[in-house]
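Notes to accompany the following structure.
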Amino acid sequence: MSAYVIVEATVLDAESRNRYASQVEPLFREFGAEVIAFGPWQVLSGEPAFDNGMIIRFPDNESALAWYQSPAYQSLLEIRGAALDCRFRLVNERRRAKDSHERVAPEGS
């Protein structure tokens, strides 16, 4: 089951961001990850905390954690800190059984 890393970020330094991106992209491939969305947030509700977002799909939770905790990625944290004000979240894909009739209750009910 896929796992998704949700990144919220504001660029602090464009040059550092470019260095970080050029080094992190090969690591995504190494861990079987794919960037499925990237760009400025369109805030639908609430106050924006960061300017940009990214969604990265990994084959599973273990792959996502292995990527984030890998020595290769951890060595990029100093560059990332200079490049971005950011936060990372991990969420797992939710799959329902084919015969499930479960419904999500409307907000406020």
Side-chain angles (χ1 to χ4, degrees):
M1 188 175 317
S2 295
Y4 299 86
V5 172
I6 313 300
V7 180
E8 299 174 283
T10 297
V11 175
L12 301 174
D13 179 75
E15 183 179 322
S16 295
R17 188 243 173 250
N18 292 340
R19 277 188 29 224
Y20 171 74
S22 71
Q23 293 180 52
V24 78
E25 288 173 11
L27 292 176
F28 289 155
R29 288 189 295 277
E30 182 179 328
F31 287 88
E34 175 188 11
V35 175
I36 60 173
F38 174 81
W41 287 119
Q42 181 177 357
V43 178
L44 300 178
S45 177
E47 294 298 318
F50 297 92
D51 297 334
N52 300 288
M54 178 184 283
I55 301 173
I56 310 158
R57 179 175 44 223
F58 285 84
D60 51 43
N61 193 64
E62 293 76 19
S63 298
L65 290 172
W67 162 75
Y68 193 83
Q69 295 168 352
S70 71
Y73 184 71
Q74 290 296 304
S75 72
L76 299 179
L77 295 185
E78 187 173 330
I79 296 170
R80 186 184 82 184
L84 305 168
D85 177 16
C86 59
R87 72 176 153 209
F88 285 56
R89 308 278 192 222
L90 176 61
V91 65
N92 292 299
E93 183 175 22
R94 179 171 180 248
R95 296 214 177 155
R96 292 189 285 189
K98 289 181 182 178
D99 61 348
S100 174
H101 297 287
E102 177 185 356
R103 299 187 189 267
V104 176
E107 201 172 310
S109 45

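Start at 1 with the first residue, then count along the sequence.
One N or O on the side chain of Trp41 and one on the backbone of Asn52 form a donor-acceptor pair closer than 3.5 Å. Remark: side-chain polar atoms of Thr10 are not paired, donor with acceptor, to backbone N or O of Asp85 under 3.5 angstrom. Distance alone, capped at 3.5 Å, places no donor-acceptor pair between the Glu8 side chain and the Phe88 backbone.
Between Glu30 and Tyr73 there is no side-chain heavy-atom pair separated by less than 4.5 Å. Using a 4.5 Å cut-off on side-chain heavy atoms (C-beta onward), Leu84 and Val11 make contact.
Atom CG in Leu90 sits 5.5 Å away from atom CG in Leu65 (nearest 0.5 Å). Taking CG of Asp13 as the reference point, atom OH of Tyr20 lies at 14.5 Å (rounded to 0.5 Å). A distance of 13.0 Å separates CZ of Phe31 from CD of Glu62, quoted to the nearest 0.5 Å. Going from atom CE of Met54 over to atom CD1 of Ile36 covers 11.0 Å, rounded to the nearest 0.5 Å. Note that CD1 of Ile79 and CZ of Arg19 are 4.0 Å apart. Values are rounded to the nearest 0.5 Å. To the nearest 0.5 Å, the span separating CG on Asn92 from CZ on Arg94 amounts to 12.5 Å.
Contact between Gly32 and Pro59 at its shortest, heavy atoms only, is O-CD, 3.3 Å. Here the shortest heavy-atom pairing between Leu12 and Gly81 reads CD1-O, 3.7 Å.
Aromatic ring orientation, Phe58 versus Phe28: perpendicular (interplanar angle above 60°, classes split at 30° and 60°).
Residues forming a salt bridge (Lys or Arg N to Asp or Glu O under 4.0 Å) with Glu93 (at least two apart in sequence, or on another chain): Arg95.
No more than 12 heavy atoms of other residues, nucleotides or ligands lie within 6.0 Å of CD in Gln42, so this atom counts as exposed by the packing criterion.
Residues Leu77 and Val5 are members of one and the same hydrophobic cluster, defined by side-chain heavy-atom contacts under 4.5 angstrom among Ile, Leu, Val, Met, Phe, Trp and Tyr. Residues Tyr4 and Val24 fall into different hydrophobic clusters, defined by Ile, Leu, Val, Met, Phe, Trp and Tyr side chains chained together at heavy-atom separations under 4.5 Å. Clustering ILVMFWY residues whenever any of their side-chain heavy atoms sit less than 4.5 angstrom apart, transitively, puts Phe38 in a cluster other than the one holding Val91.
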